[in-house]
K.L.:
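Could you have a look at this structure, given as structure tokens, before my questions?
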Amino acid sequence: MVDKSNFAIVQTDLDGQRADDEGAPLVSAVIPCLNEERTLGICIRKALDVFAKRGIKGEVVVGDNGSSDRSVEIAESLGARVVHQRVKGYGAAISAAAEAARGKYLIMADADDSYDWSGLGDFIDALEAGAELVMGDRFAGGIEPGAMPALHRYLGNPVLSTIARWLHHSPVHDFHCGMRGFTREAFRKMGARSPGMEFASEMVINAHRAGLVIREVPIKLYPDKRGRPPHLRSFRDGWRHLRLIVAHAPNTIYLIPGATLLVAGIAGLATLAAGPVRIGGWYFGIHFVALSAMATLIGLSAILFGMLAKVAIAIYHPVHGGRIVPWLMRGRPLEWLVFSGGALAVAGFGADVLLALHWIFVGGPMEQSVHLTFVTTTACVAGMSMVLAGFVLKLLLDNLDGRRAF
């Protein structure tokens, strides 16, 4: 289970009733809120109207993030439950409200009336049909004039969504749509914990990692009715989304490029260790030895960092379908990395010492052994990198094993 101790929930329902208890609501409308007195009531009424028209039992849970206006008063007067979240941020507010929700299905959207809460029936239908995460697609449903800044509509959202689809092999078109629905069990499996706006990206990434069934429904985006600037900050929050998307893609960012560079680098060093060569009339000398050494070290570092990243992700998101982390937990990666890396470093260092002694006592031009020196020095650095990474990997694996024990 994901550790959400940082998301302090200080108010829940009085009797502690959960969604699997008798009489619990079918749907919980989850609304993050920070000074939304002009529009919060509109959103709550729309959600309640849908519940009434469909004849289902529903509830509205507002995750208040420290409002200083009448938002809390308005929510409570309309029958919504308010969960007070001290940790600032969109993700923190959503997490607090979702954890307190009692419904089988949870549907989230903003409190500014830019997403039409009257359309939550489409999300309910998709969830009833078997979806575990239902994403709204604003680009398929339509964006009203003035609803989205041109920078976001034509650059920010399309670029970030394209990068996310590529890195995470996701078919989701509108990665950052704020209106989405999910089952309560799916929310637990997603285990998103980012406190800020990047929470939206983390949800989708973790949903794919957990193998959840994802569907999309077209929705329309309207201009918000708050009459003040939005909480979103384009470049700050765009960067937070991008860095999370990249950091959560160790296969594409680390492992695959790393393996490619490592194989190419080792092949180059093996070919050029004895001296320059000509292949097909092309001359390969000392510069290509340097390139091969660089490729070897960068490739090895990328693989080691990739393994560390995979384990780090698994520590707080244990529901995943990958093979590398279970393989690392079954084996003895510390011993393998320490002994093989240590042997490589000792061999490289010993060869370097012998070359140095040869230059000192025997003499001769050093240029004849420069290629071999590159190879032995690369072996030293690579070996020590493996040894040091092995101990860090052991720390992370112990942490992961300890968390799973609970």
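This is a predicted model, so every value here is computed, not measured.
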K.L.:
From L34 CG over to S67 OG, what is the distance, rounded to the nearest 0.5 angstrom?
P.N.:
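OG of S67 is found 5.0 Å from CG of L34.
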
K.L.:
For E59 and G103, which heavy atoms make the closest approach, and how far apart are they?
P.N.:
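The pair with the smallest heavy-atom distance is OE2-N, 3.7 Å.
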
K.L.:
For residues K225 and D112, determine if any side-chain heavy atom of one lies less than 4.5 Å from a side-chain heavy atom of the other.
P.N.:
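Counting from C-beta outward, K225 and D112 never come under 4.5 Å.
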
K.L.:
Keeping Y115 on the side-chain end and L221 on the backbone end, is there a donor-acceptor pair under 3.5 Å?
P.N.:
no

K.L.:
The test is side chain to side chain contact (heavy atoms under 4.5 Å, CB included); show your working for S385 and V381 and say whether it passes.
P.N.:
CA-CA 6 Å; S385 297; V381 177; 4.2 Å; yes

K.L.:
Please determine if K220 and E144 form a salt bridge, counting it only when a charged side-chain N lies under 4.0 Å from a carboxylate O.
P.N.:
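Looking at E144 together with K220, the answer is yes, because their closest N to O distance falls below 4.0 Å.
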
K.L.:
Is the closest side-chain heavy-atom distance between L337 and L304 below 4.5 Å?
P.N.:
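In short, these two side chains touch, coming nearer than 4.5 Å.
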
K.L.:
Might you work through the side chain to side chain contact (heavy atoms under 4.5 Å, CB included) test for R81 and V60, ending with a clear yes or no?
P.N.:
CA-CA 6 Å; R81 288 194 297 124; V60 177; over 6 Å; no

K.L.:
N65 versus P32: any side-chain heavy-atom pair under 4.5 Å?
P.N.:
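Side chain of N65 against side chain of P32, heavy atoms only: no contact under 4.5 Å found.
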
K.L.:
What residue among R243, H176, H248 forms side chain to side chain donor-acceptor pair (under 3.5 Å) with S201?
P.N.:
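Of all the options given, the one that passes is H176.
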
K.L.:
Looking only at the side chains, is there a donor atom on one of K310 and N251 sitting less than 3.5 Å from an acceptor on the other?
P.N.:
yes

K.L.:
Check step by step if side chain to side chain contact (heavy atoms under 4.5 Å, CB included) holds for S28 and I107.
P.N.:
CA-CA 6 Å; S28 296; I107 299 172; over 6 Å; no

K.L.:
What I want to find out is whether D125 reaches R54 closely enough, with some N-O distance under 4.0 Å, to be called a salt bridge.
P.N.:
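Counted as a salt bridge, because a side-chain N and a carboxylate O are separated by less than 4.0 Å.
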
K.L.:
Measure the spacing between CG of L372 and CG of L355 and express it to the nearest 0.5 Å.
P.N.:
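Result: 5.0 Å between the selected atoms.
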
K.L.:
Any chance you could measure M203, atom CE, to M190, atom CE, to the nearest 0.5 Å?
P.N.:
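With rounding to 0.5 Å, CE (M203) is 3.5 Å from CE (M190).
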
K.L.:
Under the side-chain contact (heavy atoms from CB on, under 4.5 Å) test against L328, which residue among L397, L400, L334 passes?
P.N.:
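The single option meeting the side-chain contact (heavy atoms from CB on, under 4.5 Å) with L328 is L397.
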
K.L.:
With side chains defined as the heavy atoms from C-beta onward, is the minimum distance between V370 and I286 less than 4.5 Å?
P.N.:
yes

K.L.:
What I want to find out is whether K46 reaches D116 closely enough, with some N-O distance under 4.0 Å, to be called a salt bridge.
P.N.:
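Counted as a salt bridge, because a side-chain N and a carboxylate O are separated by less than 4.0 Å.
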
K.L.:
Do D137 and I219 have side chains that approach each other closer than 4.5 Å (heavy atoms only, starting at C-beta)?
P.N.:
no

K.L.:
How many angstroms lie between atom CZ of R209 and atom NE2 of H168, to the nearest 0.5 angstrom?
P.N.:
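If we round to the nearest 0.5 Å, R209:CZ and H168:NE2 are 7.0 Å apart.
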
K.L.:
If you look at every heavy atom in G41 and L78, which pair is closest and at what distance?
P.N.:
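Minimum heavy-atom separation between G41 and L78: CA-CD1, 3.6 Å.
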
K.L.:
Please report the closest heavy-atom contact between T271 and V277, naming both atoms and the distance.
P.N.:
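Closest heavy-atom pair between T271 and V277: O-CG1, 3.9 Å.
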
K.L.:
Which heavy atom of S194 sits nearest to which heavy atom of F199, and what is that distance?
P.N.:
O-CD1, 3.3 Å

K.L.:
Calculate, to the nearest 0.5 Å, the distance between atoms OG and CD belonging to S71 and E37 respectively.
P.N.:
6.0 Å

K.L.:
Flag the pair T183 / K104 as yes when at least one side-chain heavy-atom distance between them is below 4.5 Å, and no otherwise.
P.N.:
no

K.L.:
Please answer whether the main-chain N or O of S68 pairs with a side-chain N or O of N35 as donor and acceptor at a distance below 3.5 Å.
P.N.:
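Checking the backbone N and O of S68 against the side chain of N35, a donor-acceptor pair under 3.5 Å is found.
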
K.L.:
Measuring only between side-chain heavy atoms, which start at C-beta, is P276 closer than 4.5 Å to H371?
P.N.:
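Answer yes - side chains close enough.
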
K.L.:
Kindly check if the number of other-residue, nucleotide or ligand heavy atoms within 6.0 Å of CZ (F305) is above 12?
P.N.:
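Open: at most 12 neighbouring heavy atoms sit under 6.0 Å from CZ of F305.
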
K.L.:
Does this structure show an ion pair linking K394 with D398, if we count only N-O contacts that are shorter than 4.0 Å?
P.N.:
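Salt bridge present between K394 and D398.
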
K.L.:
Would you check if there is a donor-acceptor pair between the side chains of Y90 and E198 at a distance under 3.5 Å?
P.N.:
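There is no such pair between these side chains.
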
K.L.:
Search all heavy atoms of V204 against all heavy atoms of L133 and return the closest pair with its distance.
P.N.:
CA-CD2, 4.5 Å

K.L.:
Within a strict 4.5 Å, meaning less than it, do heavy atoms of the H241 and F175 side chains meet?
P.N.:
no

K.L.:
What are the two closest non-hydrogen atoms of A379 and G348, and how far apart are they?
P.N.:
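For A379 and G348, the tightest heavy-atom pair comes out as CB-CA, 4.1 Å.
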
K.L.:
When W117 is tested against each of I31, I42, L48, D49 for side-chain contact (heavy atoms from CB on, under 4.5 Å), which residue passes?
P.N.:
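Of I31, I42, L48, D49, side-chain contact (heavy atoms from CB on, under 4.5 Å) with W117 is met by I31 alone.
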
K.L.:
Side chain to side chain contact (heavy atoms under 4.5 Å, CB included) for M197 and R240? Distances and angles first, verdict last.
P.N.:
CA-CA 8 Å; M197 292 289 184; R240 292 175 71 164; over 6 Å; no

K.L.:
Can you tell me how far the CD1 atom of I303 sits from the OH atom of Y254, to the nearest 0.5 Å?
P.N.:
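Atom-to-atom, I303:CD1 and Y254:OH are 13.5 Å apart.
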
K.L.:
Would you check if the side chain of Q85 reaches a backbone N or O of A92 as a donor-acceptor pair within less than 3.5 Å?
P.N.:
yes

K.L.:
Can any side-chain N or O of E216 pair as donor or acceptor with the backbone N or O of H173 at less than 3.5 Å?
P.N.:
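Confirmed, E216 side chain pairs with H173 backbone.
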
K.L.:
How are the rings of F187 and F182 set to each other: parallel, tilted or perpendicular (split at 30° and 60°)?
P.N.:
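Because their plane-to-plane angle is under 30°, the rings of F187 and F182 count as parallel.
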
K.L.:
Is it the case that atom CZ in F139 sees more than 12 heavy atoms from other parts of the structure closer than 6.0 Å?
P.N.:
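Yes, because the 6.0 Å sphere around CZ of F139 holds more than 12 heavy atoms from other groups.
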
K.L.:
Under the salt bridge (charged side-chain N to carboxylate O under 4.0 Å, His left out) rule, what do E202 and R193 come out as? Steps first, then yes or no, please.
P.N.:
CA-CA 8 Å; E202 188 181 7; R193 66 173 195 172; 5.2 Å; no

